[in-house]
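By convention in this document, chain letters (A, B, ...) are assigned in the order of the sequence lines, proteins followed by strands, and residues within each chain are numbered from 1.
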Number of protein chains: 2
Amino acid sequence: MADEHTTGSPRTLKTVSRAFDVVRALEELDGARVTELSNHLDLSKSVVYNYLSTLRAEKFVVKEEDTYRLSLQFLLVGEYVRYQNILYRIGKPEIEELAEKTGEYAHLATEQHGLGINLYKVSGEKAVGSDYQVNKLQRADYLHFSATGKAILAHLPKERVEWIIDQYGLPGKTEATITTREELFEELETIRDRGYSLNDEEEIKGLQAIGAPVTNRHGRVLGSISVSGPVRRMKQPDYHEQLIESVVNTANVIEVNVNMEESDDDFPTFS
Amino acid sequence: MADEHTTGSPRTLKTVSRAFDVVRALEELDGARVTELSNHLDLSKSVVYNYLSTLRAEKFVVKEEDTYRLSLQFLLVGEYVRYQNILYRIGKPEIEELAEKTGEYAHLATEQHGLGINLYKVSGEKAVGSDYQVNKLQRADYLHFSATGKAILAHLPKERVEWIIDQYGLPGKTEATITTREELFEELETIRDRGYSLNDEEEIKGLQAIGAPVTNRHGRVLGSISVSGPVRRMKQPDYHEQLIESVVNTANVIEVNVNMEESDDDFPTFS
DNA sequence: CATATGTGTTTGTATTTGACGAACGGTCAC
DNA sequence: GTGACCGTTCGTCAAATACAAACACATATG
């Protein structure tokens with residue numbers, strides 16, 4: 001957790017790490033001035049100034065008056081990364097259809113560095129809260145208390161799940177959150193058996209979600225999808241069954257299309 | 001253009017610049033392995049390895065097998081930056097309405113580092129090409145040949161426009177592109193007078209766009225909006241006038257809302 | 001089956017390069 | 001007009017990085 005920059009292996013470049021400290025600080029502070037950052041990061045003013053000048057020259061930071069902010073360059077690179085992701089390219093239209101069909105929130109997620117990241121969200125017409133929840137794409141979050149996260153965990157190699165728990169623990173969010181290894185591995189077993197995951201108020205009270213994984217031909221999990229809504233509605237027996245089928249079905253459709261696309265890569269182009 | 005890292009002012013950190021060279025290379029190459037990058041960047045393998053390890057520790061790069069790729073961290077930071085932008089927050093729903101009303105493509109753009117960046121795009125029902133053009137958010141582009149870009153240039157201080165031309169020149173894209181200073185400044189004058197900008201096949205043959213700026217209370221231009229479609233349709237006299245009114249009207253609505261929101265900042269919160 | 005060439009990774013070492021602090025030049029408030 | 005504060009510049013030395021060579025491992029090649 002603390003910055004261990006001893007001369008171990010792999011060697012890590014302090015100057016680069018500090019540059020990203022500046023980036024994170026600019027995010028936390030919603031933009032900042034030189035002196036402010038200097039205090040925040042415990043670096044001399046001139047040093048901070050040099051970092052900001054460099055980041056600005058690289059176009060990842062902009063300067064308005066005397067305030068420095070992160071630039072939209074991050075968005076451009078980010079959109080590129082997202083578009084590179086095959087699950088996003090194939091899954092987006094399917095998720096939109098799922099949201100339309102069910103009327104609930106629909107999500108498309110993947111895993112990176114042991115945390116879950118939402119690639120895309122759409123709100124169906126029944127979904128409340130509307131714009132704010134869809135626009136504000138939240139930060140990477142724990143996998144063990146969301147429907148998308150658990151669907152992913154269920155299909156990751158056991159050793160990797162162990163590594164993730166070692167790294168991040170199993171922090172609780174509501175009283176329903178799974179917080180022990182044994183419980184979690186049991187739950188993952190169940191998810192594998194029945195083919196879908198359930199988030200039963202484990203992240204937010206009153207919210208239920210149904211998730212299903214998307215794996216490629218080699219069994220590697222690429223990510224997962226889910227729909228979510230108020231427990232009151234989600235728990236009605238017939239509706240519940242119907243949603244499960246819709247989610248599982250959509251996941252399968254995505255899976256098939258992804259695998260058709262990916263199999264092209266088995267015959268690499270000559271270059 | 002070449003990397004002038006002499007000890008001038010402001011001093012720029014080579015290590016940080018090189019880290020972003022690696023980022024750009026990973027983008028260009030759609031992910032790469034150590035040796036590949038080593039050749040591409042003319043750095044020794046061990047050095048590249050250290051940069052990649054650092055970027056990975058910072059979670060901006062992921063490693064799959066032996067291939068390193070940019071991570072979705074860029075998307076998360078990028079979405080944050082976009083959401084910080086008041087023009088995006090206020091303008092997004094209005095642009096969606098504009099696309100629905102007109103049935104054409106609608107855009108929301110802003111300027112950074114002298115280049116134009118699309119904050120948001122929506123396609124109306126008449127718009128062709130559909131998904132690809134909307135999903136693939138392109139890189140920062142020149143301001144002088146788009147409707148959004150020219151609307152912005154027209155309301156930037158003259159000295160800044162001069163600086164931008166000095167930096168990037170006025171490269172042509174079609175035979176209609178404005179490529180001389182005099183022409184451009186005349187055009188910007190016209191745009192200021194009539195209140196909207198026109199991109200008449202200056203970027204893409206067969207495509208016309210109508211743009212209007214959004215400025216804040218102090219006269220600073222925050223960005224601009226536009227609709228675009230095939231010339232055939234866009235040039236029909238009545239329809240043309242109608243579109244202009246829709247665009248100018250939407251820009252005004254956004255402007256009013258932005259300025260109402262921003263005026264809160266004049267009475268800063270105590271902290 | 002050994003050998004050659006490829007990979008990513010590790011390490012010791014020379015020196016480039018970034019951190020510091022003081023000084024500069026500007027602005028705003030009192 | 002004077003004091004405090006800001007962002008920026010610059011000389012200097014310690015520290016952090018780039019290099020190259022060696023390592024372990026894989027995959028071809030004779």
Fill in the blank from the handout: Rounded to whole Å, the CG-P distance (Asp66(A) to dC5(D)) equals 16 Å
Practice task
Examine dG18(C): is either OP1 or OP2 under 4.0 Å from a nitrogen or oxygen in the side chain of Arg18(A)? Give yes or no.
Solution key: no
Fill in the blank from the handout: In whole angstroms, the gap separating C1' of dC20(C) from OH of Tyr49(A) amounts to 17 Å
Exercise for the section: Starting from the C-alpha separation in whole Å, work towards a yes-or-no answer on side-chain contact (heavy atoms from CB on, under 4.5 Å) for Val61(A) and Leu70(A). Expected result: CA-CA 4 Å; Val61(A) 158; Leu70(A) 299 182; 4.2 Å; yes
Problem - Protein-nucleotide distance (Asn50(B), atom CG; dA20(D), atom P), rounded to Å - result: 14 Å
Problem - Spacing of Leu13(A) atom CG relative to dT10(C) atom P, expressed in whole Å - result: 14 Å
Handout entry: From CA spacing to verdict: side-chain contact (heavy atoms from CB on, under 4.5 Å), Asp21(B), Tyr51(B)
Key = CA-CA 10 Å; Asp21(B) 289 342; Tyr51(B) 278 96; over 6 Å; no
Fill in the blank from the handout: ring-ring contact (aromatic ring centres under 6.0 Å, His included) filter on His144(A), not counting sequence neighbours, yields Tyr142(A)
Practice task
May I ask you to verify whether the side chain of Lys45(B) and the base of dG8(C) hold a donor-acceptor pair under 3.5 Å?
Solution key: yes
Practice task
Could you check His113(A) against Gln73(B) for side-chain contact (heavy atoms from CB on, under 4.5 Å), going step by step and ending with a plain yes or no?
Solution key: CA-CA 10 Å; His113(A) 298 286; Gln73(B) 191 66 29; 6.0 Å; no
Problem - Ser46(A) (side chain) and dG7(D) (base): donor-acceptor pair under 3.5 Å - result: no
Exercise for the section: Give a yes/no on whether any side-chain N or O of Tyr51(A) is located under 4.0 angstrom from OP1 or OP2 of dG18(C). Expected result: no
Exercise for the section: Please check the phosphate of dT9(C) (OP1 and OP2 only) for any side-chain N or O of Tyr68(B) closer than 4.0 Å. Expected result: yes
Exercise for the section: Rounded off to whole Å, could you give me the CG-to-P distance for the Leu52(B) and dT9(C) pair? Expected result: 9 Å
Practice task
Would you jot down, in residue-number order, the residues of residues 27-41 of chain B having a non-hydrogen atom under 4.0 Å from DNA chain D?
Solution key: none
Exercise for the section: Write down the distance between NZ (Lys14(A)) and C1' (dT16(C)), rounded to a whole number of angstrom. Expected result: 16 Å
Exercise for the section: In whole angstrom, give the distance that lies between atom CD of Glu65(B) and atom C1' of dT27(D). Expected result: 15 Å
Handout entry: Interatomic distance, Arg11(A) CZ vs dA18(D) P [rounded to whole Å]
Key = 11 Å
Handout entry: Residues forming a ring-ring contact (aromatic ring centres under 6.0 Å, His included) with Phe60(A), sequence neighbours excluded
Key = Phe74(A), Phe20(B)
Problem - Exercise: do Thr180(B) and Glu183(B) side chains pair donor with acceptor under 3.5 Å - result: yes
Problem - Ionic contact status for Arg181(B) with Glu162(B), cut-off 4.0 Å - result: yes
Handout entry: Thr15(B) vs dA16(D): side-chain N/O to OP1/OP2 distance below 4.0 Å
Key = no
